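Inspection log for the structure reproduced underneath, given as structure tokens.
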Amino acid sequence: MFEIRNLTATIGDKEILHDISLDFESGKTVVVLGPNGSGKSTLAAAIMGRPDITLSDASELTWNGEELKALSADKRAKLGMFLSFQSPLPIPGVSVEELLRSALDGKKDPVVLHRELRTLAREIDIAEEFLSRSIHDGFSGGERKKIEAIQAAVLAPSLVIFDEIDTGTDTDAVKRIAEFLRAHLPEDATKIYITHSPKLIDLIKPDTVVILKDGRVAALGGHDLAIKTVEEGFNKIH
Ligand code: ADP
Ligand code: MG
């Protein structure tokens, strides 16, 4: 169980998230929707502990009873939290295979990892060369998102956030990625998808939908709220 209580987040001198309280149960799929600039990516980054985001004293983040606020992003990742960025940055000279070897820190035999990655690449339909090239360097939108999905599959996180995994991906790729994640993410993981894609929402069938507006939770609901909001826009939600 992951709990957010009274989360108020500031970047520089700008308060971006205001008093957000949400519960995320293990094994559930959550969709976060909201207009551009509503604070979705900032919420994801605050959960992961991005160092330039300051949380108010009243803000609480707890993970299975453990207080996360004092933990660095690195420690949160070691606890099993994974964020797939909206625009993942290239790391010249480091391949996804090397990155994963380092993240797994000896927990998986490199030969086993090497084989697993090739199998996953075939399954998600991306050429093997992307596993050994510098990560995200010159990759298309769709290729980046497939490599992000492969990382999530290998790391088997207990809490995973996909920030617009559908952006820059064509319809077939969105379907492929959604099916891949359904097959490979741990069943008891909390899965949070930030998305505007009705196609992705239909494929992942969220248990809970959170609508963010101006850095606040404007509405909570189920699958039907997501579809209605995507169809009718955010103006009807206050
Ligand atoms: P969304 O992901 O919902 O489109 P963001 O979380 O990216 O929204 O942004 C929310 C608000 O915070 C926007 O007004 C944006 O300009 C602002 N913001 C995001 N990052 C920064 C930053 N590093 N410095 C200042 N303002 C920021
Ligand atoms: Mg965003």
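Counting convention: from 1, in listed order, for ligands and their atoms alike. All values below come from the heavy atoms of this structure, side chains included, with hydrogens, waters and symmetry mates left out. Quantities reported herein were computed from a predicted structural model and do not represent experimental measurements.
Given atom 24 (N) of ligand 1, the protein heavy atom at minimum distance is Ile11 CG2, 3.5 Å.
A salt bridge between Lys145 and Asp163 is absent, with no side-chain N of the basic residue lying under 4.0 Å from a carboxylate O of the acidic one. Under a 4.0 Å N-O distance rule, the pair Glu179/Lys175 qualifies as a salt bridge. With respect to Glu66 and Arg76, no salt bridge is recorded, no charged nitrogen being found less than 4.0 Å from a carboxylate O.
Among the atoms of Thr42, no N, O or S atom falls under 2.8 Å of the Mg ion (ligand 2). The Mg ion (ligand 2) lies at 2.8 Å or more from every N, O or S atom belonging to Asn36.
For the pair OE1 of Gln86 and OG of Ser41, the angle at the Mg ion (ligand 2) is about 80°; rounding is to 10 degrees.
In this structure, Gly37 counts as a contact residue of ligand 1, since one of its heavy atoms falls inside 4.0 Å of the ligand.
No hydrogens or angles considered: a donor-acceptor pair under 3.5 Å links the side chains of His223 and Asp202.
Glu148 pairs in a side-chain hydrogen bond (donor to acceptor under 3.5 Å, both in side chains) with only one of the listed residues (Arg144, Lys146, Gln151), which is Gln151.
When the options Ala44, Gly12, Gly39, Ser41 are ranked by their closest heavy atom to atom 2 (O) of ligand 1, first place goes to Ser41.
Side-chain contact check for Asn36 versus His196: some heavy-atom pair is nearer than 4.5 Å.
Remark: Glu232 CD is packed, more than 12 non-hydrogen atoms of other residues, nucleotides or ligands lying under 6.0 Å away. Heavy atoms from other residues, nucleotides or ligands lying under 6.0 Å from CG of Asp52 number more than 12.
Each of the atoms 4 (O) of ligand 1 lies under 4.0 Å from some heavy atom of Asn36. Per-residue contacts place Pro35 under 4.0 angstrom from the following atoms of ligand 1 (heavy atoms of the residue considered): 3 (O). Ligand-side atoms of ligand 1 in range of Lys14: 14 (O), 16 (O), 17 (C), range being under 4.0 angstrom from any heavy atom. Taking every heavy atom of Ile16 and a limit of under 4.0 angstrom, the matching atoms of ligand 1 come to 10 (C), 11 (C), 12 (O), 17 (C), 18 (N), 26 (N), 27 (C).
Looking at Arg50 next to ligand 1, no N or O pair under 3.5 Å apart turns up. Residue Asp52 has no N or O atom closer than 3.5 Å to an N or O atom of ligand 1.
Under 4.0 Å from ligand 1, not a single heavy atom of Ala45 appears. Under 4.0 angstrom from ligand 1, the non-hydrogen atoms of Thr42 come from both its backbone and its side chain.
Listed for the Thr169 side chain is no donor-acceptor partner under 3.5 Å among the backbone atoms of Gly142.
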